[in-house]
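Sequence lines set the chain letters: A, B, ... in the order given, protein chains first and strands last, and positions in each chain run from 1. Please read all numbers here as calculations on a predicted model, not as lab measurements.
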2 protein chains.
Amino acid sequence: MSPSRPNGLSRQPRNVVSRGIPEATVARLPVYLRALVSLAERGATTVSSEELAAAAGVTSAKLRKDLSHLGSYGTRGVGYEVEYLVYQISRELGLSQDWRVAIVGIGNLGHALANYGGFASRGFRVVALLDAGEVVGEKVAGLTVASVDDLEHVVKEQEVSIAVIATPGAAAQPLCDRLVAAGITSILNFAPVVLQVPEGVKVRKVDLSTELQILAFHEQRKSAAVLGIDADVVAQAFVEAAQ
Amino acid sequence: MSPSRPNGLSRQPRNVVSRGIPEATVARLPVYLRALVSLAERGATTVSSEELAAAAGVTSAKLRKDLSHLGSYGTRGVGYEVEYLVYQISRELGLSQDWRVAIVGIGNLGHALANYGGFASRGFRVVALLDAGEVVGEKVAGLTVASVDDLEHVVKEQEVSIAVIATPGAAAQPLCDRLVAAGITSILNFAPVVLQVPEGVKVRKVDLSTELQILAFHEQRKSAAVLGIDADVVAQAFVEAAQ
DNA sequence: AGGCACGTGTGAACGTGTGCACAAAGTCGC
DNA sequence: GCGACTTTGTGCACACGTTCACACGTGCCT
């Protein structure tokens with residue numbers, strides 16, 4: 001039964017990517033990028049960590065540490081050259097190439113996503129729309145909606161590398177399985193379910209009601225705090241009253 | 001010059017709320033809740049940490065630790081009673097009360113959000129839609145779209161406690177300022193900008209292209225790894241070629 | 001040319017989050 | 001009722017992330 005194995009083996013850091021860049025930093029790079037582009041449009045040529053941090057909503061120390069993971073792209077006593085930094089972050093995020101995106105599920109949200117201009121702006125091109133309903137055959141945002149029956153074919157034909165799932169919850173998992181089988185390894189999921197995928201497939205989830213629930217939690221705490229009430233005590237009383 | 005002050009003072013933990021519950025745990029509670037409701041619909045009355053964890057996409061140890069922050073609601077040797085746990089998590093998240101939500105910006109995304117059924121399901125009620133364009137006066141999802149000119153009035157009249165911003169980037173900050181001035185302290189932001197808000201106001205951001213960029217980063221790394229190439233080396237060569 | 005002001009890059013300390021492994025606590029069968 | 005089995009709740013160790021504070025590089029001014 002071997003009660004205490006040494007088990008110091010097979011430990012691979014999963015949150016740190018390759019030889020570099022912590023996950024938390026990666027998640028912030030897009031924010032920096034947007035802030036930089038915005039600054040560039042306003043004509044700025046250099047920017048200090050303090051300024052950029054303010055624009056991105058983080059502290060300057062965090063920003064500097066994040067950027068230091070990409071290399072030493074700043075100049076001491078001056079700051080960072082905006083254009084050069086835009087280039088470096090874009091490159092690191094892989095935005096030099098064009099990513100071909102398919103949207104699965106053309107309901108309200110799918111429509112909105114298809115028409116959303118923000119995709120094209122930075123390296124993302126929506127190349128396929130898929131649905132199972134009456135929308136099939138219609139033109140949406142310049143593309144004809146294809147049937148999910150042809151999913152495998154469309155994915156291969158259009159060389160899709162990222163899929164966006166915007167279906168009702170029940171349809172998401174089966175479609176996800178088919179996408180994975182078709183070779184997709186990056187999925188952005190808007191459906192309110194936790195997708196089960198094999199190792200090597202990356203899923204990111206965007207969930208509206210989850211976000212609202214987190215806000216509600218904090219809002220509730222605030223209300224209780226204003227009244228000078230310990231929320232836990234209230235909760236306890238509530239439980240007892242309910243019993 | 002006092003080279004090393006002890007400086008252990010005025011340190012208040014900001015990520016831990018009140019007397020309890022770590023932020024990371026709060027972010028997962030909605031996921032557990034959904035998994036539990038789904039299980040309940042399938043007729044389950046009790047569930048083990050192992051099962052629930054699988055359904056929620058986390059490890060069982062993490063789940064147990066998360067739930068332990070709410071109290072001891074499980075039974076050793078058996079598991080958790082599904083219905084009771086649903087109740088406890090709902091209560092903790094503040095879903096016992098109805099949250100009144102306003103959506104600002106009724107474009108493609110605003111439409112989709114207004115029609116999204118997932119809101120009503122758990123304590124969230126959309127009570128106001130606001131826009132500045134031609135949509136004003138139209139009926140969307142059973143509500144008449146009001147003008148943003150009346151924002152302050154509508155917020156007060158409808159007792160809005162959470163605002164959702166779904167406008168273009170440029171409009172977001174001014175509207176945010178007005179919402180905050182009108183007393184809103186919880187905002188869900190879909191606009192592609194970092195909102196600046198005073199202390200005490202909680203903003204959560206959902207950003208489609210940010211998510212795609214994070215996926216692209218990992219996808220890029222994967223491609224390079226498959227080819228047996230160190231991505232950093234490629235990047236370096238790329239930089240040199242560009243100079 | 002030399003000092004000075006400025007701002008980056010980073011080592012070290014701290015706090016938060018995760019994973020392991022097991023004792024405590026409960027149930028079920030006999 | 002007692003023992004074997006199951007599963008929770010948690011102490012501990014470690015990994016990750018953030019913050020602090022300052023040395024050092026860079027440009028500017030005299």
Q | Contact letters for nucleotides 25-30 of chain C, in which S counts primed atoms plus P, OP1 and OP2 and B counts the base, heavy atoms under 4.0 Å | A | BSS---
Scan the side chains in residues 160-175 of chain B for donor-acceptor partners under 3.5 Å anywhere in the protein, sequence neighbours excluded, and list what turns up.
residue	atom	partner	partner atom	Å
B:Q173	OE1	B:Q196	N	2.9
B:Q173	NE2	B:D177	OD1	2.8
B:Q173	NE2	B:Q196	O	3.0

For the residue pair [X] and [Y], what are the closest heavy atoms and their distance?
X: A:K222; Y: B:G200; result: NZ-O, 3.1 Å
X: B:A27; Y: A:T210; result: O-CG2, 4.3 Å
X: A:L52; Y: A:Y32; result: CD1-O, 4.3 Å
X: A:V193; Y: A:N189; result: O-ND2, 3.1 Å

Q.
Main chain of B:L208, side chain of B:E211: is a donor-acceptor contact present, judged purely on distance under 3.5 Å?
A.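 Answer holds: no.
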What's the [atom1]-[atom2] distance between [X] and [N], to the nearest Å?
X: B:L70; N: D:dT10; atom1: CG; atom2: C1'; result: 15 Å
X: A:E23; N: D:dA15; atom1: CD; atom2: P; result: 18 Å
X: A:Y84; N: C:dT8; atom1: OH; atom2: C1'; result: 15 Å
X: B:Y80; N: D:dT6; atom1: OH; atom2: C1'; result: 13 Å
X: B:E50; N: C:dA21; atom1: CD; atom2: P; result: 14 Å
X: B:H69; N: D:dG11; atom1: NE2; atom2: P; result: 11 Å

Q. If you check every side-chain atom of B:A24, which of D:dT8, D:dG9, C:dT18 has the closest atom?
A.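 Closest nucleotide to the B:A24 side chain: C:dT18.
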Q) Which residues in residues 59-67 of chain A have at least one heavy atom lying under 4.0 Å from any atom of DNA chain C? A)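 The stretch gives A:R64, A:K65 as the residues lying under 4.0 Å from the strand, ordered by number.
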Q. In degrees rounded to 10°, what angle is found between the helical axes fit to the five outermost pairs at each end of the helix from C:dA1-D:dT30 to C:dC30-D:dG1?
A.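 It works out to 10° between the end axes.
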Q: Report the residues that fulfil side chain to side chain donor-acceptor pair (under 3.5 Å) with B:S186, sequence neighbours left out, ordered by chain and then residue number.
A: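 Testing B:S186 for side chain to side chain donor-acceptor pair (under 3.5 Å), a comparison that skips the adjacent residues, returns A:E219.
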Q. How long is the gap from CZ on A:F217 to NZ on B:K202, to the nearest 0.5 Å?
A.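 Reported to 0.5 Å precision, the distance equals 9.5 Å.
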(Q) At less than 4.0 Å, is any side-chain N or O atom of B:S49 found next to OP1 or OP2 of D:dT7? Yes or no. (A)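 For D:dT7, neither OP1 nor OP2 has a side-chain N or O of B:S49 closer than 4.0 Å.
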Q | Short N-O contact, B:E92 and A:R221, less than 4.0 angstrom | A |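 A salt bridge is present here (some side-chain N lies under 4.0 Å from a carboxylate O).
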Q | salt bridge (Lys or Arg N to Asp or Glu O under 4.0 Å) contacts in which one or both residues fall within residues 24-49 of chain B, not counting sequence neighbours | A |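 For residues 24-49 of chain B: A:D207-B:R34, B:R28-B:D66.
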(Q) If you apply the rule ring-ring contact (aromatic ring centres under 6.0 Å, His included), what do you find for B:Y73 with B:Y80, and how did you get there? (A) CA-CA 7 Å; B:Y73 296 141; B:Y80 301 88; 8.8 Å; no
